[in-house]
Amino acid sequence: MRELAKAYEPKQFEDNVYKKWEDSGFFNPDVCVQKGVCKKNAKPYSIVLPPPNVTGTLHMGHAAMLAIEDVLVRYHRMKGDKTLWLPGTDHAAIATQTKVEKILMEKGIKEPKVELGREKFLAEVDRFAQQSHDTIVNQSKKMGSSLDWNREAFTLDEKRNLAVRTVFSKMYKDKLIYRGYRIVNWCPRCKSTLADDEVEYKEQSAKFYTFKYSADFPIVISTTRPETKLGDTAIAVNPDDDRYKQYIGQTFEVKNFAGGNDLKIKIIADTAVDMSFGTGALGVTPAHSKVDYDMAIKNDLPIIKIIDEDGKMTAQAGKEYVGLTVKEARKKVVENLIASGLMIEEKDIPNNLSVCYRCGTPIEPLPSNQWFVAVNKKFKFKGKNIKGINVGDEVTLKELMLKVVENKQIEIIPDRFEKVYFSWINNLNDWCISRQIWYGHRIPVWYKDKKIKVDVEAPKEEGWVQDPDSLDTWFSSGIWTFSTLGWPEKTADFKNFHPTSVLETGYDIIFFWVARMILMTTYALGDIPFEKVYLHGMVRDDQGRKMSKSLGNVIDPLVMIEKFGTDATRLSLLLGTTPGNDIKLSEEKIAGFRNFTNKLWNISRFMLLNVPEPKKDIKAPKGKTEADKWILGKLDKITTEITVNLENYNFAYSGELLRDFTWGDLADWYLEVAKIEGDKAEILNYILNTLLKLWHPFMPYVTETIWQEVYGENEMLMVVSWPKLKIKEIPNSFETIKNIVSSIRAVRAENKIEPAKKIKAVISAGEQKKLLSKNLEIIKGLGRLEELNVKNTIKKPKNYVGFVESGTEVYLDVMGDIDVEKEKVRLNKEIEETENYLVSLQRKLNNADFVAHAPAVVVEKEKTKMQETEEKLNKLKNQLKNIV
RNA sequence: GGAUGAUUAGCUCAGUUGGUUAGAGCGUUGCAUUCACAUUGCAAAGGCCACUGGUUCGAAUCCAGUAUCAUCCACCA
């Protein structure tokens, strides 16, 4: 074994270590079984990686996801579980297509799709997707992710396509997928539909116009979108509104509205109309508003589509308007209304504009023929694995989605997101799954004349034409937990690893993805996709702002890895975080963990200098001294706590415990003691082994590097067994030594005694005499004392400064005459504080209610405290008396 | 409009079923550099636990309300 370098240089080791891991095959559970790392019948533990979009590069959010999942996976692998972490990427239909279009347009191709045609355009997208994929894979490896690359999947590859077609036709046959002419969210730039949750709202100020359809029209209405009024077929008023009651049911004709077509406006009643908003009368545009559409259906009103898929006015808007953009049409309508004296008021109001979540273009609601998944329709349930629902029960998809979370078959961490999930489902409408874009799974529906065919495979006969639309990207990612495991084939992987153990992802995609996975899986398999959902927060900058290019506050994981190492970057995303809460990140934070990584390296370095022949399978030693027993006991204790907290997905706390142990207890105390006591090869060897194992899931690189430096290149920490749990009482006698040393140091610092200077001390130790005598050299060494006298009782020597600690009185020679007045002030202050504390304790114990109600243990504890405080007070008072 | 979260040291956050004289890291201040590590050590300063009530022998912790900030959902034409 060679000596470790003075400082840890991540760059020297990381890539090599990753390559070794990969070459070993241990990322693959089958290899683990083959090579005896885990038993054949071991408990499976599986996570599918939330597939990053192939739209570019990884960001800190991905880094957080990879770090968290790798901790879980590495822990379970070491624990001996048959552990699979399955990687993949998402084709992200609209997002990717939009990105490629943009790139091509920047290259000077004005209308890429028109100029290239479907085939060539898709080839461009594929090329881009492949590039992004390669980048993402490399970056994931940089993060140290122990993903099984053999099983890598892509949401748009052939196997996944088969799974998609299979689920689609199954759903169609169960009549849960249907085609309908409905109002959909239309993005005129993407030229595609969007699902309800793909619509975002942008707050803005809008012009609110109040006008009459015609001079003799009895009701005045208001709108922010005058151009849509060309398609109005009704006015809705509240049935209780006295102003308008008389008109309900009547129909009014408007000639040549705003210079356009004639309108027929029926006055209808609807309780949804707010009497106090605007004029209390609402112009109904059935074709271009979801709410209006519903009213139109209820009241049997005509639906006039006046805006087309390009965002331009149709012929139905009138020949004056046809071909105009929405914006142009609005201007023209307004001008017309003003010119004809019908405009009554224009004012600015705050308004939520709906925009496309991918490109920010305002959404145009319009009626269109699309494919939907019916979420409220009953079907016969065929699965067996949903608690409370039996084979043959009539259920809806919504009920399935609710049931599995309600009955805790799926547990969401943190649980407050269950409420969010429930409320979303309760408001869920049928899911529009068809998209008018080219990049994606083509809908497995074929038409011939007026016939329609839906199947997994294309019809063999000539003449069938496939539906040109593709599927919402979430349709394919919704089946991700099982499509990745080979379904619909009956694979061993599917049998072994499904349902998966946990889905770990950001809370921002709970609706987009988590909910849809639950929907698709409970339907298709009659089973849950995962047992737990762990939601992490968004990674933000140090001020809590979203990271964005325009703000210039983006922290790039690769840059941080380059600068501080992967382990430091991982720790910064793991520690000091809580589930579901946002993670504030700064370079300083990562630098801090870089320091810790180096500390661990140097701790190991020091320990190894004291272990002549390190052994990797060393049993827990007993320990001879107080310090030995203390550190070994602590190590056992935190091993258990860390394990329990990892099991409970409380890995941040695990890591913090381990850091505090490593830096505080081990480095700052025990190793310093070891320098004095010496002869600790066995204990140091044992602690080092355990420490590296415990840290490995969090800091795989530095721990693996040390392990292999020590035990040789053929050893691999990654698959070493997790430490066994032992419950042992920690003798706290060493705490007394610690406290006395700390107090000596504090008094020295107060009296400005240089650390290097050795001074004399005496201790009046009472009952602690034996303990202190045993640890005399430690107190001397760590307290920098040249002479230490421990007696049962000792009188304060002249010009010594005294203090009371852990039942002992310590006197220090502070070298020179002490300022008696200053000492008095100090002592008096401490006496006062102690008295106050004593009073509060007495008050508590004199309170009959407290003694009667509080548990005996608590009362006992308070009594002990009081005794100790009384003793301390006496000693302090004595010191004051003897000071002169 | 509805919901959720946050509010603890200058900053970032712990505080696990109510029982500590309220903790950590960073930052600040002082001292220290042959002895594993200056990517370090030792020590110090720094807090009416947002506010107001309530429950309790006992509240940072439980309940109600208020305020500020953040996020999500719905959406008014």
Side-chain angles (χ1 to χ4, degrees), chain A residues 3-4 6-8 197 201 208 221-225 228 236 272-274 276-285 289 291-292 349 351-352 354 414 416-417 419-420 423-424 427 507-508 510-511 537-538 542-544 564 568 575-578 580-586 588-589 591-610 644-645 648 650 652-653 656 659-660 663-664 667-668 671-672 675 742 745-750 752-756 782 784 833-834 836-837 840-841 844 847-855 857-859 861-862 865 869:
Chain A
E3 200 176 296
L4 297 186
K6 248 189 151 183
Y8 174 60
D197 44 309
Y201 295 91
F208 194 50
I221 62 160
S222 300
T223 185
T224 52
R225 297 203 55 188
T228 63
V273 178
D274 179 355
S276 61
F277 189 87
T279 62
L282 155 65
V284 179
T285 320
S289 152
V291 180
D292 294 8
I349 59 159
N351 179 254
N352 269 338
S354 15
R416 65 184 144 90
F417 282 97
K419 270 190 204 164
V420 181
S423 71
W424 184 77
N427 294 318
Y507 65 71
D508 55 330
I510 181 164
F511 306 135
M538 304 295 106
D542 55 352
Q543 293 167 54
F564 302 112
L575 272 55
T577 68
T578 33
N581 288 330
D582 290 349
I583 303 166
K584 280 184 201 158
L585 190 66
S586 61
E588 292 75 45
K589 192 173 169 187
F593 284 112
R594 183 269 321 266
N595 295 356
F596 178 70
T597 312
N598 187 57
K599 184 77 185 178
L600 181 67
W601 176 267
N602 271 290
I603 286 170
S604 308
R605 182 173 130 91
F606 172 77
M607 291 169 107
L608 288 166
L609 291 173
N610 292 281
V644 168
N645 281 291
N648 294 328
N650 205 353
Y653 188 59
E656 285 156 30
R659 182 201 52 200
D660 294 346
W663 208 324
D668 293 341
L671 295 188
E672 293 306 319
K675 286 177 190 169
S742 289
R745 285 168 172 172
V747 172
R748 288 179 60 119
E750 259 171 47
K752 307 255 181 250
I753 294 169
E754 290 169 28
L782 300 186
R784 312 283 306 160
E833 278 169 9
T834 313
N836 287 342
Y837 182 43
S840 76
L841 286 170
K844 211 177 208 179
N847 182 346
D849 282 331
F850 171 71
V851 181
H853 292 270
V857 197
V858 175
V859 178
K861 225 164 117 189
E862 295 300 306
K865 271 193 225 161
T869 312

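The sequence lines fix the lettering, A, B, ..., with proteins before strands; numbering per chain opens at 1.
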- Note on the structure: Quick note, A/R745 side chain, CB onward, closest among B/rG30, B/rA43, B/rA36 is B/rA43
- Query: Does a nitrogen or oxygen in the side chain of A/K861 sit under 4.0 Å from OP1 or OP2 of B/rG19?
  - Reply: no
- Phosphate OP1/OP2 of B/rU16: any A/Y653 side-chain N/O under 4.0 Å: no
- May I ask you to verify whether the side chain of A/K599 and the base of B/rC37 hold a donor-acceptor pair under 3.5 Å? yes
- Any donor-acceptor pair under 3.5 Å linking the side chain of A/R605 with the backbone of A/L4? yes
- For the side chain of A/R659, counting heavy atoms from C-beta on, which of B/rA36, B/rG19, B/rG25 is nearest? B/rG25
- Message: Quick check for you: among B/rA77, B/rU40, B/rG5, whose closest atom lies nearest to any side-chain atom of A/R416?
- Response: B/rG5
- Base B/rA36 paired with A/E672 side chain (donor-acceptor, <3.5 Å): yes
- A/N648 and A/Y653: side-chain contact (heavy atoms from CB on, under 4.5 Å), yes or no, with the steps? CA-CA 10 Å; A/N648 294 328; A/Y653 188 59; over 6 Å; no
- Message: Please classify the nucleic acid contact of A/D197 as base, sugar-phosphate, or nothing, using heavy-atom distances under 4.0 Å.
- Response: nothing
- Just by modelled atom types, is the A/K6 backbone N or O under 3.5 Å from a matching donor or acceptor in the A/N602 side chain? yes
- Per the atom types in the model, does the base of B/rA36 pair as donor or acceptor with the side chain of A/K6 at under 3.5 Å? no
- Task: Starting from the 5' end of RNA chain B, give me the residue, A/I603 or A/D292, whose nearest nucleotide shows up first.
- Result: A/I603
- Closest to the side chain of A/A746, out of B/rG30, B/rC75, B/rA44, is B/rA44
- Nearest-angstrom distance, C1' atom, B/rA6 to B/rU61: 16 Å
- Name the closest nucleotide to the A/D849 side chain, picking from B/rC76, B/rC57, B/rU39. B/rC57
- Item | Any A/T224 side-chain N or O less than 4.0 Å from OP1/OP2 of B/rC76 | no
- Message: At less than 4.0 Å, is any side-chain N or O atom of A/T578 found next to OP1 or OP2 of B/rA14? Yes or no.
- Response: yes
- Query: When you measure from the side chain of A/R605, which nucleotide among B/rA43, B/rC76, B/rC37 comes out closest?
  - Reply: B/rC37
- Item | P gap between B/rU29 and B/rA22, integer Å | 27 Å
- Could you pick out which residue, A/N581 or A/W424, lies toward the 5' side of RNA chain B when each is mapped onto its nearest nucleotide? A/N581
- Taking only side-chain nitrogens and oxygens of A/K865, does any of them come within less than 4.0 Å of OP1 or OP2 of B/rU21? yes
- Query: Under 4.0 Å: is that the gap between some side-chain N or O of A/N595 and OP1 or OP2 of B/rU40?
  - Reply: yes
- Message: Output the rounded distance in Å from CD1 (A/I221) to C1' (B/rC76).
- Response: 13 Å
- Quote, to the nearest angstrom, the P distance that separates B/rG15 from B/rG1. 33 Å
- Message: Once you apply a heavy-atom cut-off of 4.0 Å, does A/R594 come out as touching a base, just sugar-phosphate, or nothing?
- Response: base
- Scanning both residues in full, the closest heavy-atom pair of A/F417 with A/G580 reads CE1-CA, 4.0 Å
- Query: Taking OP1 and OP2 of B/rU4, is either one under 4.0 Å from a side-chain nitrogen or oxygen of A/K419?
  - Reply: yes
- Give me the ring orientation class for A/W601 and A/Y8: parallel if the planes are under 30° apart, tilted from 30 to 60°, perpendicular past 60°. tilted
- N/O donor-acceptor pair, side chain A/N352 with base B/rC75, under 3.5 angstrom: yes
- Query: Is the phosphate of B/rC13, meaning OP1 or OP2, less than 4.0 Å from a side-chain N or O of A/K584?
  - Reply: yes
- Message: Please report the distance separating the P of B/rU16 from the corresponding atom of B/rC57, rounded so that it comes out in whole Å.
- Response: 23 Å
- Item | Lys/Arg-Asp/Glu bridge criterion (N-O < 4.0 Å) met for A/K675, A/E672 | yes
- Message: For RNA chain B, report each stem as range with range, ordered by first number, or say none. Use Watson-Crick or G-U wobble pairs under 3.5 Å, at least 3 in a row.
- Response: B:1-7 with B:67-73, B:10-13 with B:23-26, B:28-32 with B:40-44, B:50-54 with B:62-66
- Give a yes or no on whether the backbone of A/N581 and the side-chain of A/T578 come within a donor-acceptor separation of less than 3.5 Å. no
- Message: With rounding to the closest Å, how many angstrom separate the C1' atoms on B/rU12 and B/rU28?
- Response: 16 Å
- B/rC42 and B/rU17, which share atom name P, separated by this distance in whole Å: 30 Å
- Quantified in whole Å, what is the C1' atom distance between nucleotide B/rG47 and nucleotide B/rU4? 28 Å
- Task: Please measure how far the C1' atom in B/rG27 lies from the corresponding atom in B/rA64, and state the result in whole Å.
- Result: 39 Å
- With no hydrogens and no angle check, is any side-chain donor or acceptor of A/D582 less than 3.5 Å from a backbone partner on A/M538? yes
